Each structure stands twice: as structure tokens, then as C-alpha cells.
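Please read the structure below before turning to the comments.
The structure displayed is predicted, hence computed values, not measured ones. Heads up: numbering here begins at 1 and tracks the sequence.
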Amino acid sequence: MEPAAVLPELLAHAGDDHARVAVYAAGRAAAGTSPTRLAELLDGLLGASSGVKVTSRKEAARLTVRFLPARRAAALLARIAGDEVSHPDVVTAAVGLAIGLLETGEVWNLLETAAASGTREAGAAIAHASPLRVARPHRPRYARLVALVAASPHRSVAGQAVAALPDWVAFAPEAADPVRLAVCGL
């Protein structure tokens with residue numbers, strides 16, 4: 001039996017007691033599935049309003065990035081992150097995965113929204129990215145993203161971003177502004 005043929009059946013278990021094993025196996029079956037069909041199946045799973053476990057949705061987001069063309073994956077991640085009913089952990093996973101898709105351009109809005117008004121976890125995912133993980137042409141813009149997180153009202157996230165800023169200011173000197181404002185605005 002072809003792996004692609006069993007993928008819908010495996011994904012059907014994303015909300016039951018067999019979810020962990022089924023979604024793990026779905027990753028293997030996804031490798032043999034056409035991108036168009038896989039995008040359909042993952043979009044259905046990620047878009048389900050109920051009946052799908054959070055861990056299954058997070059794994060579906062990972063499969064999206066792993067097996068779909070970058071632009072299609074970016075569009076799905078943006079939809080997940082922009083959906084108000086998405087679980088915060090799924091949004092955080094989407095933000096973390098989006099960092100690897102910067103070359104598509106479509107994920108920047110997702111990341112900027114997460115940096116400006118996202119959850120603490122999403123802000124932390126942005127702050128934790130190393131400059132080595134970001135392609136050189138995108139580092140100045142990403143540095144400004146880290147600066148945006150450094151201005152977060154969530155003190156713990158802002159602290160993480162401030163601690164990361166020394167790695168980023170070489171790419172965008174204005175990224176140090178939140179630190180200057182914090183020190184001078186005491």
C-alpha cells in the first residue's frame with residue numbers, strides 16, 4: 001500500500017488516543033504524498049475548529065514546513081498564526097517555524113505581529129533565534145524584530161530580547177534603541 005494512501009487515515013486519528021503514534025507515522029507517509037494533496041490534508045487538519053489535539057496541530061505545522069513548498073508553507077503558517085481560535089502553543093510553533101522561511105517574504109507580517117502583540121511564548125521564540133539561523137540579507141530586519149520584542153510589555157520576554165540584542169545590533173544599530181530608552185527612561 002502506498003504511504004500517501006494511508007495518510008488521510010493516519011491524520012484522522014489526530015484527535016483521539018492514537019494521535020501521537022498516528023501523527024508521527026503521518027510524517028513518514030507525508031514524504032510520499034504529492035505537495036498538493038498534502039497541503040489539502042494539512043490545511044484541513046490545521047483548520048479544524050475542534051477534535052484535533054494541540055500536539056497534532058503542532059506536528060502538522062512542522063510537516064507543513066518540512067514537506068510543502070516554502071510559499072505554501074508560509075501561507076499556512078500565517079493562517080494558523082492569524083486565526084484567533086488557534087491555540088497559543090500552535091501559534092508559537094508557527095512563529096518558530098516561520099523563522100526558517102524568511103526568504104519567502106510572506107512570513108514577515110506573521111513575525112511582526114507576533115513581536116508586537118503576540119504571546120510571551122511567540123516573543124520568546126523570536127528572541128531566541130540566533131543570527132546564524134537567519135540568512136545574512138534578512139538579519140537587519142530580524143534585528144529590528146528582536147528590538148520590537150525588547151519593547152514588549154511582558155518583562156520576561158523583553159528581558160530575553162534585551163539579552164539577545166548584542167548579537168543583533170551589528171546588523172541594525174537602531175535595534176539598541178529599546179535598551180537606550182529603558183536605561184535613560186528610568
Side-chain angles (χ1 to χ4, degrees), residues 20 23-24 27 42 46 53-186:
R20 188 172 58 117
V23 175
Y24 173 77
L42 293 176
L46 291 167
K53 294 185 178 225
V54 171
T55 53
S56 297
R57 289 177 197 258
K58 289 171 27 180
E59 185 59 27
R62 288 184 201 96
L63 293 175
T64 296
V65 172
R66 187 170 159 202
F67 293 113
L68 294 183
R71 289 195 183 280
R72 181 69 173 132
L76 278 174
L77 292 179
R79 188 179 60 72
I80 295 165
D83 188 354
E84 293 193 14
V85 298
S86 287
H87 191 280
D89 290 348
V90 177
V91 173
T92 300
V95 169
L97 292 164
I99 295 168
L101 298 172
L102 296 176
E103 73 280 354
T104 66
E106 285 91 358
V107 297
W108 284 104
N109 188 40
L110 175 161
L111 292 170
E112 289 163 354
T113 300
S117 60
T119 65
R120 283 189 287 231
E121 294 82 5
I126 292 168
H128 280 118
S130 162
L132 295 175
R133 187 173 170 209
V134 176
R136 186 173 300 278
H138 301 297
R139 289 177 187 167
R141 188 170 181 185
Y142 198 89
R144 290 187 289 278
L145 207 67
V146 175
L148 190 57
V149 175
S152 169
H154 303 294
R155 292 177 62 126
S156 62
V157 175
Q160 292 171 13
V162 167
L165 278 174
D167 295 335
W168 290 101
V169 293
F171 305 105
E174 71 276 11
D177 289 346
V179 176
R180 283 189 210 110
L181 291 173
V183 172
C184 296
L186 293 176

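Between Leu77 and Val65 the shortest heavy-atom distance is CD1-CG2, 3.6 Å. Here the closest heavy-atom approach between residue Asp167 and residue Pro131 is recorded as O-CG, 3.5 Å. Contact detail for Val162 and Ala150: the closest heavy-atom pair is CG2-CB, 3.9 Å. When all heavy atoms are compared, the tightest approach of Val134 to Arg139 is O-NE, 2.8 Å. Ala94 approaches Ala81 most closely through the heavy-atom pair CB-CB, 4.4 Å. Of all the heavy atoms in Trp168 and Ser130, the pair that sits closest is CZ2-C, 3.7 Å.
Here the straight-line distance linking atom CG of Leu148 with atom OG1 of Thr113 works out to 9.5 Å at 0.5 Å rounding. Within the model, atoms NE2 of His138 and CD of Glu103 stand 6.0 Å from one another, a figure rounded to the nearest 0.5 Å. Atom-to-atom distance recorded for Leu76:CG and Arg71:CZ is 14.5 Å, nearest 0.5 angstrom. Atom CG of residue Leu42 and atom CZ of residue Arg66 lie 11.5 Å apart, to the nearest 0.5 angstrom. One finds the CZ atom of Arg120 at 9.0 Å from the OG atom of Ser152 (value rounded to the nearest 0.5 Å). To the nearest 0.5 Å, atoms OG1 (Thr64) and CG (Leu97) are separated by 8.5 Å.
Residues Thr55 and Arg20 fail the side-chain proximity criterion, which asks for heavy atoms closer than 4.5 Å. Considering only heavy atoms from C-beta on, Glu112 comes within 4.5 Å of Arg141 through its side chain. Side-chain atoms of Leu102 and Leu111, non-hydrogen and from C-beta on, do get closer than 4.5 Å to each other.
Not a single donor-acceptor pair under 3.5 Å links the side chain of Thr104 to the backbone N or O of Ala70.
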